[in-house]
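A short write-up of the structure that comes next.
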Amino acid sequence: MSARSMIPAKCPANFGGGGVLASPPRAREGVEELEEALVRTFAETVPGFADPDFAAALTVAAYRSVYVSTARRLLAGERAATLVDDHRARVHKAFDALEAALG
């Protein structure tokens with residue numbers, strides 16, 4: 001199972017939908033909840049998976065790196081509509097790298 005397929009379609013960290021990131025005090029808690037859900041998902045769906053905690057942390061870090069870059073571009077004045085395709089491509093590239101690294 002790929003890391004990409006484990007991210008919920010309506011991820012609470014989705015930059016377009018606001019989610020927990022619309023409320024800074026809840027952002028850290030939301031990321032922790034997401035990481036814990038990923039740990040459980042890796043452990044439950046990939047029998048004998050060597051290190052679900054490590055995989056979950058890498059998954060969150062990969063998404064965060066893309067998210068932060070996109071957020072910076074939005075804050076610099078770029079329009080969301082012009083960033084969507086690049087954001088998606090970078091998420092896919094990050095998750096392809098994760099899948100290759102984690103097997």
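What you see is a predicted model, and the numbers here were worked out from it, not measured in a lab.
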Q: Check side chain to side chain donor-acceptor pair (under 3.5 Å) between Ser69 and all other residues, then give those that pass, not counting sequence neighbours.
A: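 By the side chain to side chain donor-acceptor pair (under 3.5 Å) rule, Ser69 matches Arg90.
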
Ignoring hydrogens, what is the shortest heavy-atom contact between [X] and [Y]? Give both atom names and the distance.
{"X": "Val39", "Y": "Pro52", "result": "O-CB, 3.7 Å"}
{"X": "Thr59", "Y": "Leu98", "result": "CA-CD1, 3.6 Å"}
{"X": "Thr45", "Y": "Pro47", "result": "O-CD, 3.4 Å"}
{"X": "His87", "Y": "Tyr67", "result": "CE1-CA, 4.1 Å"}

Q | Passing option when Thr70 is tested against Val84, Asp86, Leu83, Leu75 for side chain to side chain contact (heavy atoms under 4.5 Å, CB included) | A |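 With Thr70 as partner, Val84, Asp86, Leu83, Leu75 yield a single side chain to side chain contact (heavy atoms under 4.5 Å, CB included), made by Leu83.
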
(Q) Give me each pair satisfying salt bridge (charged side-chain N to carboxylate O under 4.0 Å, His left out) with a member in residues 49-67, each pair once, sequence neighbours excluded. (A)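 Listed by first then second residue: nothing to list.
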
**Q.** Selection residues 34-49 - residue pairs positive for salt bridge (charged side-chain N to carboxylate O under 4.0 Å, His left out), sequence neighbours left out
**A.**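 Of all non-adjacent pairs touching residues 34-49, none passes salt bridge (charged side-chain N to carboxylate O under 4.0 Å, His left out).
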
Q | Contacts of Glu78 that satisfy salt bridge (Lys or Arg N to Asp or Glu O under 4.0 Å) - sequence neighbours left out | A |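 Result, salt bridge (Lys or Arg N to Asp or Glu O under 4.0 Å) vs Glu78: Arg73.
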
Q | Pairing residues for Phe49 by the ring pair (Phe, Tyr, Trp, His ring centres under 6.0 Å) criterion, not counting sequence neighbours | A |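 Testing Phe49 for ring pair (Phe, Tyr, Trp, His ring centres under 6.0 Å), a comparison that skips the adjacent residues, returns Phe42.
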
